[in-house]
Amino acid sequence: MPAKILLATRNRHKARELSAMTAASAIEFASLDEHPEIPETAEDAPTLEGNARKKASEPARALRMWTLAEDTGLEVEALGGAPGVLAARYAGPGCDFAANNAKLLAALEGVEPARRGARFRTVMALCDPEGRVVCEEGRLDGAIALAPRGSNGFGYDPVFVVEGGLRTLAEMTDEEKNRISHRRRALERMLPHLARAWREAALLLAFLLAVPGPAKAGRTEPGQETIWDQIMATQANRGMRAGSRHMDAQQYDLAEAEFEKAVRASPNDPTAHMLLGAAYYWRGKVEPALAEYRKAIELDGKNAQAWMLVGIAMAWKGEAAPAYEAFRKAGELDGSRADIQMNIGSIEETLGRNMDALNHFRKAVQLEPSHPLYHFQLGMLYRRLGRDGEAIESMKDALRLYGQYEDALLELGAAEERLGQDKAAMHSFRKAVALKSRDAVARFRLGKLLLQGGDRTSAREVFAEAFHLTPEGEGAGLQLSVAYTGGKVTSAAPGFGKPSSGRPPAEDPPDRNDPLDVFRRNLERIPLEQSAVMNVDVAMVPKPRLTKVDDAESRASLKKALEKGLRPDRPSIKMVRREYDLPSGSDSVREAQIKKILGDLSDVVKAAPSDSDVRLGMNLTYKRLADALTRRGDAQTAPKVSFQPRQVGNDMGLWVIGTGWMTLVEEMLPESGNEPVRANDADWWVATGLGYATVGDGQKAMTAFEAALQIEPKHEVALLGRGVASVMTGDEARAAADYRRVLQLNPKNRAASEGLKWLLRPLRKRP
Ligand code: ITT
């Protein structure tokens with residue numbers, strides 16, 4: 001997991017104690033030993049807090065990592081609080097523990113036991129990657145013994161007798177000390193911050209490969225301030241917070257305006273420049289984005305994120321060499337980030353350095369084994385290297401983590417088929433079709449396997465649903481996204497499901513932050529005469545939840561509390577995806593649809609493990625058909641429909657989008673020309689035609705469907721196919737004729753009636 005928190009101490013006793021106390025938690029610490037390049041912090045502040053802050057913030061800034069550090073002092077009453085902050089160097093620079101103890105005992109020579117009161121005080125500091133610090137303190141009261149006793153612990157432990165007891169700390173076991181120590185008490189207070197830092201980092205990495213900021217801006221627990229909230233609050237006047245909200249809502253223009261303000265207000269803040277750059281990038285302004293990222297690097301050359309952003313922008317421009325250099329630089333600065341490793345590997349693959357790419361992909365998977373995309377990408381590389389067995393394993397890993405990963409199912413099926421495991425392949429493709437019913441690729445592969453197995457009837461059924469047309473229209477679609485990160489979803493909000501024909505929802509809903517209520521409000525805005533498709537991603541990210549330790553319990557070990565509160569194993573993300581159709585309809589029909597959708601989503605969210613953060617993303621697409629057409633210059637020749645074989649999206653909101661799926665069709669198409677294996681079999685021609693249509697070759701598709709119809713003039717699916725090929729080659733009238741013919745043969749054919757509806761929809765004349 002890259003989301004380690006750096007433990008900034010060079011004192012291995014401290015490190016051991018802190019590690020023991022957090023061993024059962026999900027939090028992982030990185031040690032300063034892994035970063036020999038970080039110079040030792042000069043502990044020259046006059047207070048414990050001052051030193052703790054320095055010890056945490058210097059490495060945090062240098063490494064852009066969450067960092068935990070502490071400074072401990074021993075304060076002896078009879079010595080006016082000495083040695084205090086100077087405890088480490090009490091007997092002089094470079095002195096050892098024994099010398100310090102000897103000097104202390106000598107200073108207290110003759111002081112009676114009642115006046116030997118003392119206390120340990122630890123100030124712990126947690127610093128975020130931007131250099132902002134929170135501090136917490138822990139104390140342990142006691143007295144200085146007359147002579148050293150015991151051999152456990154370190155430092156002043158042999159001379160420190162815990163209040164109310166007889167033993168020195170050095171006479172206690174590690175566990176006993178760790179239950180009561182100043183360090184444990186400081187850590188206890190720090191835990192809520194730590195847990196949030198941990199979660200923050202984990203979430204960020206899991207969800208945002210490219211953009212800094214937005215994911216962090218989401219609240220993790222309603223009503224509770226996170227460190228990030230505090231940071232954002234201090235930046236509110238600089239527009240960062242508002243900007244991040246806009247990024248969350250994918251309103252990049254608004255985000256841009258806010259971040260521009262932020263940059264004007266704090267021209268030396270690298271984060272502001274990165275955020276502004278990200279907003280530019282998402283608006284397609286790649287050069288200005290690059291300029292901002294470079295500015296961030298100028299201000300902070302060790303900013304791995306900024307280097308990675310440069311790499312992404314360069315990769316977008318198609319400039320592999322500078323992209324590679326930037327990703328490598330990012331990797332040098334932060335070797336623990338899986339996303340950076342993936343990016344390095346992707347470029348290497350582009351450059352044909354497959355073995356290097358393989359190593360980087362493998363490393364990414366190691367660093368972040370709970371991320372399905374990384375397994376998928378690794379599997380894809382195995383596939384391209386012809387290592388199908390390993391590809392299958394990787395795809396299965398991805399599917400174990402995200403069962404609805406349709407691309408992984410397709411790849412799995414294809415690899416299984418290549419290895420001759422037809423039964424398994426059929427099973428995988430069937431699952432893919434069940435997940436994305438209109439995916440022509442999945443239907444193509446499944447149908448071919450069925451044909452091969454001699455099951456002609458099933459094959460035809462599978463092919464029949466692969467020819468759905470999509471209405472076209474310039475400016476006709478509306479994309480709308482709602483991102484939500486947060487605690488409990490309380491309800492599907494009373495009163496949901498009231499549709500409107502364009503009028504605003506009647507009254508303010510009870511909880512405007514309830515994501516399902518946000519969904520409801522947006523669904524209600526869809527005019528009744530429009531149809532829409534709603535896609536929802538639900539991600540459940542386990543969170544280390546902290547239980548408040550009450551007094552009775554505080555005597556029990558911290559380890560236990562942590563065991564209770566924090567998940568002991570690595571967080572693994574659960575994803576659920578839903579797609580809903582909202583056909584146009586009457587008031588009551590729409591009402592019922594919305595009710596059903598929200599009820600279903602509410603069930604999904606309720607079924608989330610109670611120790612998970614739920615993140616919801618919604619994407620609504622709808623078509624304003626008539627309006628769009630009136631805006632067209634040439635309504636007569638403008639195409640009304642198109643054939644979209646499959647929806648390619650950035651699965652799971654991640655960066656990688658590809659056309660790799662095309663290979664899944666191409667590898668099954670005839671080597672040369674367009675003759676299928678069985679040239680006198682209409683169904684084989686249909687399969688071939690579907691294949692060509694899917695990879696966008698309308699002409700070859702047409703030839704194949706014609707051939708099928710020569711053999712079998714009343715082949716329903718071939719007619720559907722020729723309709724699609726006609727659309728692809730620009731003859732919508734012919735497509736309509738074919739679809740009419742299909743409906744004569746079979747009035748129940750869905751693809752035909754739907755396609756015909758789009759093809760024949762009336763054009764509204766311009767006034
Ligand atoms: P870092 O700066 O790398 O954290 P350090 O050894 O310099 O390690 P401090 O300045 O915080 O740590 O500690 C000052 C001294 O206080 C330390 O050298 C010990 O002698 C003593 N000390 C700290 N914690 C102690 C503990 O739990 N028991 C006994 N002595 C302790």
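Start at 1 and go down the list; that is how both ligands and their atoms are numbered.
Relative orientation of the His13 and Phe154 rings is parallel, given thresholds of 30° and 60° on the angle between their planes.
Using a 4.5 Å cut-off on side-chain heavy atoms (C-beta onward), Arg185 and Thr122 make no contact. Inter-residue side-chain proximity for Leu146 and Arg116 is flagged as met; some heavy-atom pair is nearer than 4.5 Å. Counting only heavy atoms from C-beta outward, the side chains of Glu137 and Arg121 approach each other to under 4.5 Å.
Within the 4.0 Å heavy-atom cutoff, Tyr90 does not count among the residues contacting ligand 1. Heavy-atom distances between His13 and ligand 1 stay at or above 4.0 Å for every pair. Ligand 1 has no atom lying under 4.0 Å from any heavy atom of Leu169. Ligand 1 lies less than 4.0 angstrom from a heavy atom belonging to Asp157.
Looking only at heavy atoms of the protein, atom 30 (N) of ligand 1 is closest to Tyr156 N, 3.0 Å. With respect to atom 16 (O) of ligand 1, the closest heavy atom belonging to the protein is Ala87 CB, 3.7 Å. Here the heavy atom of the protein found nearest to atom 13 (O) of ligand 1 is Thr72 O, 3.6 Å. The shortest contact between atom 24 (N) of ligand 1 and any protein heavy atom is with Arg183 NH2, 2.8 Å. Taking atom 12 (O) of ligand 1 as the reference point, the nearest protein heavy-atom neighbour is Lys14 NZ, 2.8 Å. The single protein non-hydrogen atom nearest to atom 22 (N) of ligand 1 is Phe154 CE1, 3.9 Å, given as residue, atom name and distance.
Taking only nitrogen or oxygen atoms, main chain and side chain alike, Lys55 reaches within less than 3.5 Å of ligand 1. The distance criterion of under 3.5 Å between nitrogen or oxygen atoms is met by Asn11 with respect to ligand 1.
Nearest-residue assignment for atom 7 (O) of ligand 1 (options Glu43, Arg184, Glu40; heavy-atom criterion): Glu43.
Asn152 places a side-chain N or O within 3.5 Å of a backbone atom of Met172 that can act as its donor or acceptor partner. Put simply, the side chain of Asn100 gets close to the backbone of Ala91: a donor and an acceptor are under 3.5 Å apart. With hydrogens and angles ignored, the 3.5 Å screen pairs no side-chain donor or acceptor of Arg64 with any backbone N or O of Asn303.
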